[in-house]
Amino acid sequence: MSVERVEGFDYMGDFMDEEYHDRVEVEDEDDYDVLTKVTDTSCADARRGKDIQGIPWDRLNITRQSYRLTRLEQYENYENIPLSGQAVDKECKQMEKGGNYYEFYHNTRLVKPTIHHFQLRNLVWATSKHDVYLMSNYSVMHWSSLSSNLSEVLNFSGHIAPSEKFAGSLMEGFTQTQISTLAVKHNFLVAGGFQGELTCKRLDKQGVSFCTRTTYDENAITNAIEIYDNNRGGVHFMASNNDCGVREYDMERFQLLYHFRFSWPVNHTSISPDRNLISVVGDHRDGLLIDSRNGKTVASVVGHLDYSFASAWHPGGCTFATGNQDKTCRVWDIRNLSLPIAILKGNMGAVRSIRYSLDGQFMVVAEPADFVHVYSTKAGYEKRQEIDFFGEISGVALSPDDESLYVGIWDRTYASLLQYNKKRAYRYLDSYT
């Protein structure tokens, strides 16, 4: 993974400023204040024709369709291996659109998701269909869609130190930690930093439980974290790091259990449902399957053309997916890894995050900006729903019951949290919005 941080984004708000001021006649600057005052959007508003992000297209001298074409033409996909995306464009076709699995429910402007590293987009997590955790600048925030309440959980701009004592914990804590990745699950929160920091918190307790620094290597960014229950009833988490290491911790005593080392920086790992295999992807074209007990390589997955930053297992345990900067998500069957069972091409950028629904019916794939795709596994990944908006994606999250899908959007003007709900055949619940 690149050691660079955030740079070079195209902000929708900047474009709107230019479009508004470039109009032939600017009658009143008060109109501009009205234009830039963005409000929430409900499903009822959207049905009446309001843009889901509140972008006032009728007051701009460009249509939404024209700007979409401009974005598709001008967006520059980041590549570590030159022309990897172009090679895929020539070889792969996109799957059919037309799926309609999740429908727009609400866009809240009170929530302001942010990104600290342009390649790391796992900063939004849902612990229920109403509860979302995300990064906003230096703070981990909690959003309740039920009460429309936004609250701060942890603030890393100052000093963070553990309130409990465990072996190996840095009791002096950290100061001004820049968070690169986040995971929230099973009543635990784990945040990873740019200098190898790990901060662990129990959501039902005040303060922080555990702080450690995994490495003092110069290239120490924590790239990804996964929290999961193990086969013996405990809760563990796994941290993928730019120092080429993968570390597993238990979450009862916060002790390091395993440290697996590789020959390239590890950008993401995901453990199989039976907890026997770990998919490992990073700064290499090929991915690995390793034995979770000893870290030995079981198999390689070959086919991607660039570095990978996402992976996820289907709940059935026989297939898993990898996401790459070649603009594809590839689905693999562990019973035959010679070729992927599906190659799913994005619209304009790398695949930065992947989520399977708990029931295994859907796979959610997020590009770095503007597009989230929901694939039907029942249709063999050949049918998809395309969620289309404008802005950089800080993360996507499915609620544990699969009822809600959240998308964090980072933009100077249009930062927000999109909520989609699983599509139903009835609409009487809209009366409560």
Worksheet item: Is the shortest side-chain N to carboxylate O distance from Lys327 to Glu367 below 4.0 Å?
Response: no
Discussion item. What I want to find out is whether Lys378 reaches Asp359 closely enough, with some N-O distance under 4.0 Å, to be called a salt bridge.
Written reply: no
Worksheet item: When you look at CD of Gln206, are more than 12 heavy atoms from neighbouring residues, nucleotides or ligands closer to it than 6.0 Å?
Response: no
Discussion item. I need the Thr41 OG1 to Ile52 CD1 distance, nearest 0.5 Å.
Written reply: 8.0 Å
Worksheet entry | Sidechain N-carboxylate O distance under 4.0 Å for Lys129, Asp402 | no
Discussion item. Can you tell whether the side chains of Arg202 and Asp204 come within less than 4.0 Å, N to carboxylate O?
Written reply: no
Discussion item. Do the side chains of Arg213 and Glu197 get close enough for a salt bridge, i.e. N-O under 4.0 angstrom?
Written reply: no
Worksheet entry | Within 45° cone of Trp125 ring axis and under 6.0 Å: Arg355 NZ or CZ | yes
Item to complete: Determine, for Lys97 against Asp388, whether the closest basic-nitrogen to carboxylate-oxygen distance falls under 4.0 angstrom.
Response: no
Worksheet entry | Cation-pi, Phe309 ring and Arg352 (6.0 angstrom, 45 degrees) | yes
Discussion item. Using a strict threshold of under 4.0 Å (side-chain N to carboxylate O), is an ion pair present between Asp243 and Arg261?
Written reply: no
Discussion item. Can you give me the closest heavy-atom contact between Leu417 and Asn107, atom names plus distance?
Written reply: O-OD1, 3.3 Å
Worksheet item: CD of Glu164 to CZ of Phe254: how many Å apart, nearest 0.5 Å?
Response: 6.5 Å
Fill in: By salt bridge (charged side-chain N to carboxylate O under 4.0 Å, His left out) - contacts of Glu403 (at least two apart)
Arg424
Practice prompt. Could I get the full list of ring pair (Phe, Tyr, Trp, His ring centres under 6.0 Å) partners for Tyr406, not counting sequence neighbours?
Written response: none
Worksheet, complete the sentence: Checking Asp333, Leu289, Val331 against Phe320 for side chain to side chain contact (heavy atoms under 4.5 Å, CB included), the one that qualifies is Leu289
Discussion item. Between Asp51 and Arg64 (salt bridge meaning N to carboxylate O under 4.0 Å), is one present in this structure?
Written reply: yes
Practice prompt. Measure the acute angle between the ring planes of Tyr375 and Tyr381, then classify it against the limits of 30° and 60° as parallel, tilted or perpendicular.
Written response: tilted
Worksheet item: CD1 of Ile278 to CD of Glu248: how many Å apart, nearest 0.5 Å?
Response: 6.5 Å
Worksheet item: Can you tell me how far the CZ atom of Arg330 sits from the OG1 atom of Thr322, to the nearest 0.5 Å?
Response: 7.5 Å
Practice prompt. May I ask you to say whether Glu386 pairs ionically with Arg384, meaning some side-chain N is under 4.0 Å from a carboxylate O?
Written response: yes
